[in-house]
Structures are given as structure tokens and as C-alpha cells.
Novice: 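Mind looking over this structure? Questions follow.
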Amino acid sequence: MARSLFSYCAQFVPSWLYAAILIRLYRFEASVYAFKITKLVFRILSGTSELERICHPDQANSIEISYIERRDKYNDAGGASSPQLKSIKGDPLTLLLVDWSISHSTKLLVERRMLDSGYADISLVTKNILKKKEFPAMGSTETLEASILHDTLGPIVGSRFLEKEMNELSNTKYDATNKRHEQKLLELWNALKPNEPLKDRISLQWESIGFQGRDPASDFRGMGILGLEDLLYFSKTYSEVARAVLERSNHPTSWYSFALAGIHITAYSLELLRTRLLQMQLFQHGVSRTTCQEIYCFLFVQFDAFWFSREVAPTVMDFEILFSQFRNQIRHRLFQLRPLPLPTRLKLKAA
């Protein structure tokens with residue numbers, strides 16, 4: 001009787017509230033242990049695991065969630081496996097909760113490692129979880145809960161591979177002998193300064209768009225080619241806005257280095273991806289590199305607005321402390337689990 005009553009009441013706890021509580025609990029080690037004890041009590045009362053409760057068939061906020069599937073590192077011929085664009089119908093919050101539940105489960109350590117590889121066999125992982133977590137019907141794959149679990153794992157694996165892809169780009173050093181790298185750098189100049197020809201590859205002109213010296217290649221050491229590609233995406237996709245931000249960044253007294261700010265934002269975006277704080281945004285907007293680039297553009301414009309909204313006009317000496325405050329502001333916004341306005345509708349507030 002008590003178990004049935006608990007199960008009945010539990011279905012009325014909104015997933016957004018559950019997620020909001022979890023995202024705060026998982027920030028502190030002590031609260032994680034307290035929550036694990038609470039989960040054990042819930043399991044005893046309800047007779048169900050946390051994952052089973054999350055994968056309830058009533059998915060009220062289902063949307064189409066796209067992701068890239070890479071089933072194996074190599075195909076039968078020994079070449080690289082071709083990625084496939086796929087999509088599921090699901091609730092982003094459910095995906096987020098499944099992700100967190102697996103990530104913090106000691107019983108699912110093997111399955112977590114399989115997912116983290118970015119090439120997991122989804123069907124195999126699903127069967128393992130159904131069995132270990134004692135889903136309904138002896139862990140049958142035919143139940144609605146099993147189907148929901150299986151569907152959620154695709155985007156989760158996709159997010160793990162995306163993280164690997166971004167890490168590889170950040171570790172790829174800018175190479176002046178690489179024609180593709182050099183071409184992208186020239187495209188960046190042309191996008192930001194369409195009416196001013198670049199006189200030489202090594203030139204003080206680069207300082208006008210926020211690099212530290214004559215050769216911008218040295219500024220990409222921290223974020224590799226990823227820093228350049230993010231700047232290039234912003235400058236080409238939102239060229240008018242990017243040029244307006246560049247002009248504002250060259251304020252006579254409250255200036256900041258446009259390019260260096262962009263590289264800082266790349267580093268912060270990658271940190272958010274690695275710490276899984278972008279998971280909700282990826283599930284809302286699509287698990288793809290484009291979503292990460294759109295988030296980058298959003299953050300760049302938000303930082304510019306933050307910089308010029310200070311009561312006391314800042315100087316470049318205030319950059320580090322203000323960027324730290326900006327990071328905290330964005331983290332707080334992401335903790336609210338609300339989708340960012342993507343694709344970005346970029347508008348600038350008056351300086």
C-alpha cells in the first residue's frame with residue numbers, strides 16, 4: 001500500500017524541479033552522498049530505481065533532438081566509420097536526468113565508460129542497464145521504459161564524441177605551414193576588415209582586431225585551431241554584428257582585445273562542455289558542433305553587453321576580474337536549465 005502510494009505521488013513531481021534540485025546537489029560531494037541515501041530510501045519505498053522513475057512513459061515536453069551517431073571507430077574495410085545524422089523524439093530534461101543518473105552510478109561504471117568512448121553500442125548498453133537496474137518485466141527491452149532509455153542514450157553518446165572532437169581541435173596547434181590554417185586566418189581578416197586589405201601576413205594590422213602582436217598565430221597557443229574556427233564562425237555567420245562588436249571593443253578608454261576575448265570565450269565554452277553544463281543546451285538545440293558555435297556567438301555578444309553595462313567604465317586592466325564575473329553569471333543562467341535563444345538572434349545594446 002505504502003509503495004503504491006509513493007509511486008502515485010512521485011509521478012506528479014515535475015522533472016524540471018527534480019533536475020533543478022539535482023544540479024545543485026551534484027555540485028558538492030557531501031550532498032551527493034546525502035542524495036544517494038535518499039535514493040536508496042526511495043527505491044525501498046517505490047520498488048523502482050531512479051533510472052526507471054526517470055524513464056516514465058509520460059514525456060510531456062517531447063521535441064525532436066538531433067545528434068551525430070558514430071557506431072564504430074572503423075568500418076569493415078578498415079577505414080573511418082561514417083557519421084550519421086539521427087534524431088529522436090524526447091524530453092531534453094529526461095535526457096539530462098538519465099545522463100546524470102548514469103554518470104553518478106557506481107553500479108554502471110562499465111556502461112558509463114562505454115558511453116564516454118563516443119562509440120558505444122547503444123543496444124548493448126541498454127540491455128546492461130535494464131538488467132543491472134532491474135527494470136520492469138525482468139529487464140525486458142520491449143517495455144516503454146526500455147524504449148525511452150534506449151532513445152536517450154544516442155544523444156548522450158553523441159555529446160561525448162562532440163566533447164572529444166572539440167578537445168582534439170583545441171589541442172591542434174596553429175601551423176603556419178598548413179595552407180588550410182593560413183587560409184582560415186586570412187578569411188577572418190577579410191570578414192572583419194572587408195574594406196582594408198592585409199598588407200602582409202606578419203603585420204601590426206592584426207592588433208586592430210585584438211591580437212597581441214604582428215603574428216596572431218602565437219595567440220592561438222592556448223586553444224589551438226579551435227580558437228580560430230570559433231572567431232571565424234562568428235565573423236562570417238554574423239558578420240555585421242561581429243564587426244559592430246569589434247568597433248565597440250576599440251572604445252577610446254573602455255577598450256578590450258576583441259580576438260583575445262574571443263579566445264577566452266572559446267576556452268570557457270570548452271570548459272562548460274567538459275563539465276557537462278552545456279548538456280541541456282545540446283539536447284534542446286541539437287548535439288552538434290554548430291550548436292557549440294552558436295553558443296559561442298551568444299556568449300561573445302553577452303560579454304560585450306556585460307562589459308559596457310558596468311556603472312564604472314572599465315579599462316583593459318579590469319578584463320580578468322570582469323570576465324570571471326561574467327563566467328559566474330553564465331553558470332548561474334545555465335543552472336536554471338532554460339534554453340538559450342538559439343539560433344542566435346544577435347542584437348547589440350548601445351554602449
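Source: prediction; values computed, not measured.
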Novice: Looking at R112 and S103, would you say the former's side chain and the latter's main chain have a donor-acceptor pair under 3.5 Å?
Specialist: yes
Novice: Give the minimum heavy-atom separation between A176 and E182, together with the two atoms involved.
Specialist: O-CG, 3.3 Å
Novice: Ignoring hydrogens, what is the shortest heavy-atom contact between D99 and F283? Give both atom names and the distance.
Specialist: OD2-CZ, 4.3 Å
Novice: How far apart are the closest heavy atoms of A191 and R243, and which atoms are they?
Specialist: O-NH1, 2.8 Å
Novice: Report the relative orientation of the aromatic rings in Y174 and H181; use parallel for angles under 30°, tilted for 30 to 60°, perpendicular for over 60°.
Specialist: tilted
Novice: Is it the case that the side chain of K236 and the backbone of L188 share a donor-acceptor pair, with hydrogens and angles ignored and the cut-off at 3.5 Å?
Specialist: no
Novice: Can you see whether F335 has R333 sitting over its ring - NZ or CZ less than 6.0 Å from the centre and within 45° of the normal?
Specialist: no
Novice: According to the interplanar angle, ranging from 0 to 90°, do the rings of F234 and F258 count as parallel (below 30°), tilted (30 to 60°) or perpendicular (above 60°)?
Specialist: parallel
Novice: Under a 4.5 Å cut-off applied to non-hydrogen side-chain atoms, are L96 and L337 in contact?
Specialist: yes
Novice: Calculate, to the nearest 0.5 Å, the distance between atoms NZ and CD1 belonging to K89 and I148 respectively.
Specialist: 14.0 Å
Novice: Closest approach of R201 and A217, non-hydrogen atoms and distance?
Specialist: NH2-CB, 3.8 Å
Novice: If two hydrophobic side chains count as joined below 4.5 Å and joins carry through other members, does V245 share a cluster with W255?
Specialist: no
Novice: Got a donor-acceptor contact below 3.5 angstrom from the Q205 side chain to the K199 backbone?
Specialist: yes
Novice: Does the pair S159 and Q279 meet the rule for a side chain to side chain contact (heavy atoms under 4.5 Å, CB included), with working shown?
Specialist: CA-CA 8 Å; S159 73; Q279 290 297 83; 3.2 Å; yes
Novice: Between P339 and H285, is any pair of side-chain heavy atoms under 4.5 Å apart?
Specialist: yes
Novice: How long is the span from the CD1 atom in I295 to the OG1 atom in T290, to the nearest 0.5 Å?
Specialist: 11.0 Å
Novice: Any heavy-atom pair between the side chains of F220 and L226 that's under 4.5 Å?
Specialist: no
Novice: In Å, rounded to the nearest 0.5 Å, how long is the span from CG of L334 to CG of L340?
Specialist: 6.0 Å
Novice: Give a yes or no on whether the ring-centroid distance for F319 and F326 is below 6.0 angstrom.
Specialist: no
Novice: Please determine, by modelled atom types, if T291 and Q281 share a side-chain donor-acceptor pair under 3.5 angstrom.
Specialist: no
Novice: Is the side chain of S170 donor-acceptor paired with the backbone N or O of M223 at a distance under 3.5 Å, no angle test?
Specialist: no
Novice: Apply side-chain hydrogen bond (donor to acceptor under 3.5 Å, both in side chains) to S140 and T143, showing your working.
Specialist: CA-CA 6 Å; S140 170; T143 65; 5.6 Å; no
Novice: Taking L260's backbone N and O only, do any of them form a donor-acceptor pair with H264's side chain (distance below 3.5 Å, no angle check)?
Specialist: yes
Novice: According to ring pair (Phe, Tyr, Trp, His ring centres under 6.0 Å), who are the partners of Y256, at least two apart in sequence or on a separate chain?
Specialist: F303, W307
Novice: So, the side chain of W206 versus the backbone of W189: is there a donor-acceptor pair under 3.5 Å, distance only?
Specialist: no
Novice: Tell me if the CG atom of L109 is crowded by more than 12 foreign heavy atoms within 6.0 Å.
Specialist: yes
Novice: Can you tell me how far OG1 of T152 sits from CG of L95, rounded to the nearest 0.5 angstrom?
Specialist: 5.5 Å
Novice: Which atom pair, heavy atoms only, marks the closest approach of S117 to K164?
Specialist: O-CE, 3.0 Å
Novice: Check for me whether the distance between the ring centres of Y238 and F298 falls short of 6.0 Å.
Specialist: no
Novice: Within the distance-only criterion (no hydrogens, no angle test), does the side chain of T275 pair as donor or acceptor with the backbone N or O of E271 below 3.5 angstrom?
Specialist: yes
Novice: Working note: F306 + I330, criterion side chain to side chain contact (heavy atoms under 4.5 Å, CB included); need CA distance, chi angles, decisive distance, verdict.
Specialist: CA-CA 11 Å; F306 179 83; I330 294 300; over 6 Å; no
Novice: Taking the hydrophobic residues Ile, Leu, Val, Met, Phe, Trp and Tyr, and joining any pair whose side-chain heavy atoms are under 4.5 Å apart, which ones share a cluster with I68?
Specialist: L85
Novice: Between N250 and L246, is there a donor-acceptor pair closer than 3.5 Å when you use the side chain of the first and the backbone of the second?
Specialist: yes
Novice: Side-chain contact test, heavy atoms from C-beta onward, threshold under 4.5 Å: evaluate it for S269 versus M166 and give yes or no.
Specialist: no
Novice: Apply the side chain to side chain contact (heavy atoms under 4.5 Å, CB included) test between I54 and each candidate in T94, L93, L149; give the one that qualifies.
Specialist: T94
Novice: Are I209 and L198 connected into the same hydrophobic cluster when the rule is that any two of I, L, V, M, F, W, Y join if their side-chain heavy atoms are below 4.5 Å apart?
Specialist: yes
Novice: What I'd like to find out is whether the side chain of N167 reaches to under 4.5 Å of the side chain of R274, using heavy atoms alone.
Specialist: yes
Novice: For D219 and Q212, indicate whether the former's side chain and the latter's backbone hold a donor-acceptor pair under 3.5 Å.
Specialist: yes
Novice: A quick test of your reading: do over 12 heavy atoms of other residues, nucleotides or ligands sit less than 6.0 Å from CZ of R338?
Specialist: no
Novice: First locate atom CG of D91, then atom CD1 of I63, and finally report the distance between them rounded to the nearest 0.5 Å.
Specialist: 8.0 Å
Novice: Do other residues, nucleotides or ligands put more than 12 heavy atoms under 6.0 Å from the CZ atom of R221?
Specialist: no
Novice: Side chains of H332 and Q336, heavy atoms from C-beta outward: is any pair under 4.5 Å?
Specialist: yes
Novice: Check the pair L162, Y67 against side chain to side chain contact (heavy atoms under 4.5 Å, CB included), reporting the backbone distance first and the verdict last.
Specialist: CA-CA 10 Å; L162 177 62; Y67 65 99; over 6 Å; no
Novice: Whether E187 and R180 form a salt bridge (side-chain N of Lys/Arg under 4.0 Å from carboxylate O of Asp/Glu) is what I want to check.
Specialist: yes
Novice: Do you know which two heavy atoms are closest between I88 and P155, and how far apart they sit?
Specialist: CD1-CG, 3.8 Å
Novice: Got V110 and R113 here, is their nearest side-chain heavy-atom distance under 4.5 Å?
Specialist: no
Novice: Looking at E247, I'd like to know if its CD atom is crowded, meaning that more than 12 non-hydrogen atoms belonging to other residues, nucleotides or ligands lie closer than 6.0 Å.
Specialist: no
Novice: Rounded at 0.5 Å granularity, tell me how far CG in N328 sits from CZ in F323.
Specialist: 11.0 Å
Novice: Decide yes or no on side chain to side chain contact (heavy atoms under 4.5 Å, CB included) for Y233 and E294, but give the supporting numbers first.
Specialist: CA-CA 9 Å; Y233 182 88; E294 286 290 322; 2.6 Å; yes
Novice: Indicate, with yes or no, if L124 and I129 share a hydrophobic cluster defined by side-chain heavy-atom contacts under 4.5 Å among Ile, Leu, Val, Met, Phe, Trp and Tyr.
Specialist: yes
Novice: Kindly indicate whether the side chain of L270, heavy atoms from C-beta on, has any atom under 4.5 Å from the side chain of T266.
Specialist: no
Novice: Return yes if some donor-acceptor pair links the side-chain N/O of T126 with the main-chain N/O of I122 below 3.5 Å, else return no.
Specialist: yes
Novice: With a 4.5 Å cut-off on side-chain heavy-atom distances among I, L, V, M, F, W and Y, is there a chain of contacts connecting L144 to F135?
Specialist: no
Novice: Hey, are D121 and K127 close enough for a salt bridge, meaning a charged N less than 4.0 Å from a carboxylate O?
Specialist: no
Novice: Less than 4.0 angstrom from a charged side-chain N to a carboxylate O is my criterion; do R289 and E229 meet it?
Specialist: yes
